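Structure, as structure tokens:
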Amino acid sequence: AQSVAQPEDQVNVAEGNPLTVKCTYSVSGNPYLFWYVQYPNRGLQFLLKYITGDNLVKGSYGFEAEFNKSQTSFHLKKPSALVSDSALYFCAVRDSSGDAGNMLTFGGGTRLMVKP
Amino acid sequence: KAGVTQTPRYLIKTRGQQVTLSCSPISGHRSVSWYQQTPGQGLQFLFEYFSETQRNKGNFPGRFSGRQFSNSRSEMNVSTLELGDSALYLCASSLGGLGNQPQHFGDGTRLSIL
């Protein structure tokens with residue numbers, strides 16, 4: 001079974017400050033990890049993924065994430081937050097073993113509020 | 001390149017009716033997955049189709065069904081609608097079927113049950 005936890009329902013940060021959105025996962029094998037962002041009345045937009053290789057993954061709009069196998073974490077980060085980054089962020093996992101196809105398991109989401 | 005297109009965007013139905021939602025994936029994508037998003041349950045996987053075959057199914061009752069056509073377009077059907085089926089239904093397409101490619105989502109169909 002695969003599962004994802006996003007421990008914070010909401011993260012508040014001032015514009016220009018660094019931001020971190022936390023994610024921990026559980027899988028039987030090795031994980032494929034993804035971050036998505038959702039704006040109001042829109043679908044999910046892909047930000048970045050970790051499949052294998054370097055633990056630090058860079059994605060769209062200046063976001064990056066660090067894969068930590070020992071802590072089973074994949075936290076999303078950005079050095080300097082923008083007001084326009086305010087949105088709902090989802091972490092998702094797919095176990096690389098087995099035949100899960102493209103079935104993703106999502107965390108509950110974290111609302112990011114960036115204040116001017 | 002056009003993105004994932006879902007129709008209709010909004011739908012209002014009453015209990016007991018049935019509904020069909022449509023999804024056109026990105027050109028060349030062979031995998032289409034469906035998710036239900038609600039405030040209480042979050043994002044939950046419904047099913048995935050790849051080359052017209054259902055590959056995986058989530059933990060939903062048999063009232064939820066789907067299919068995929070030879071051009072990769074997909075439909076999902078919900079019969080005997082219940083109030084709890086009110087949700088945003090999201091379709092996502094992916095180039096491959098191994099799970100290591102990102103899924104690209106449409107803007108969803110918001111289904112309201114009266």
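Note that the structure is a prediction, hence the values are computed from the model and not measured. Each chain gets a letter, A, B and so on, in the order the sequences are listed, and its residues count up from 1.
Going from atom CZ of B:Arg30 over to atom CG of A:Asn102 covers 11.5 Å, rounded to the nearest 0.5 Å. Put simply, CG on B:Leu88 and CD on A:Gln38 are 6.5 Å apart, with the number rounded to the nearest 0.5 Å.
Atom CG of B:Asn59 has 12 or fewer neighbouring heavy atoms from other residues, nucleotides or ligands inside a 6.0 Å radius. Annotation: B:Lys13, atom NZ; neighbour count of heavy atoms from other residues, nucleotides and ligands within 6.0 Å is above 12. A 6.0 Å sphere centred on CZ of B:Arg15 holds no more than 12 heavy atoms belonging to other residues, nucleotides or ligands. Shown here is A:Arg111, whose CZ atom has no more than 12 heavy atoms of other residues, nucleotides or ligands within 6.0 Å. A 6.0 Å sphere centred on CZ of A:Arg42 holds no more than 12 heavy atoms belonging to other residues, nucleotides or ligands.
Proximity to chain A (any heavy atom under 4.5 Å) is shown, for B:Gln101, by both the backbone and the side chain. In this structure, chain B has heavy atoms under 4.5 Å from both the backbone and the side chain of A:Leu104. For chain A, the nearby parts of B:Asn100 are the backbone and the side chain; heavy atoms of each come within less than 4.5 Å. Heavy atoms closer than 4.5 Å to chain B are found in the side chain of A:Arg94, but not in its backbone.
Cluster membership check: A:Val4 shares its hydrophobic cluster with A:Phe74, using side-chain heavy-atom separations under 4.5 Å among Ile, Leu, Val, Met, Phe, Trp and Tyr. Hydrophobic clustering (side-chain heavy atoms under 4.5 Å, transitive across Ile, Leu, Val, Met, Phe, Trp, Tyr) keeps A:Phe63 apart from A:Phe46. Hydrophobic clustering of Ile, Leu, Val, Met, Phe, Trp and Tyr side chains at less than 4.5 Å, counting indirect connections, keeps A:Leu82 apart from A:Tyr89. Grouping the Ile, Leu, Val, Met, Phe, Trp and Tyr side chains by contacts below 4.5 angstrom, directly or via other members, places B:Val19 with B:Phe47.
Ranked by non-hydrogen atom pairs under 4.5 Å with chain B, the options A:Thr52, A:Asp95, A:Leu48, A:Ile51 are led by A:Ile51. Contact count against chain A (heavy-atom pairs under 4.5 Å) is highest for B:Ser94 among B:Gly58, B:Ser33, B:Ala92, B:Ser94.
Side-chain contact between A:Thr105 and B:Phe45: absent, with no pair of heavy atoms (C-beta onward) separated by less than 4.5 Å. No side-chain heavy atom of B:His104 sits less than 4.5 Å from a side-chain heavy atom of A:Gln45. Side-chain contact between B:Leu46 and A:Met103 is absent, with no heavy-atom pair separated by less than 4.5 Å. Between A:Tyr36 and B:Gln103 the shortest side-chain heavy-atom distance falls below 4.5 Å.
The aromatic ring centroids of B:Tyr35 and A:Phe106 lie less than 6.0 Å from each other.
Listed here is the closest heavy atom pair of B:Phe105 and A:Leu44: CB-O, 3.3 Å.
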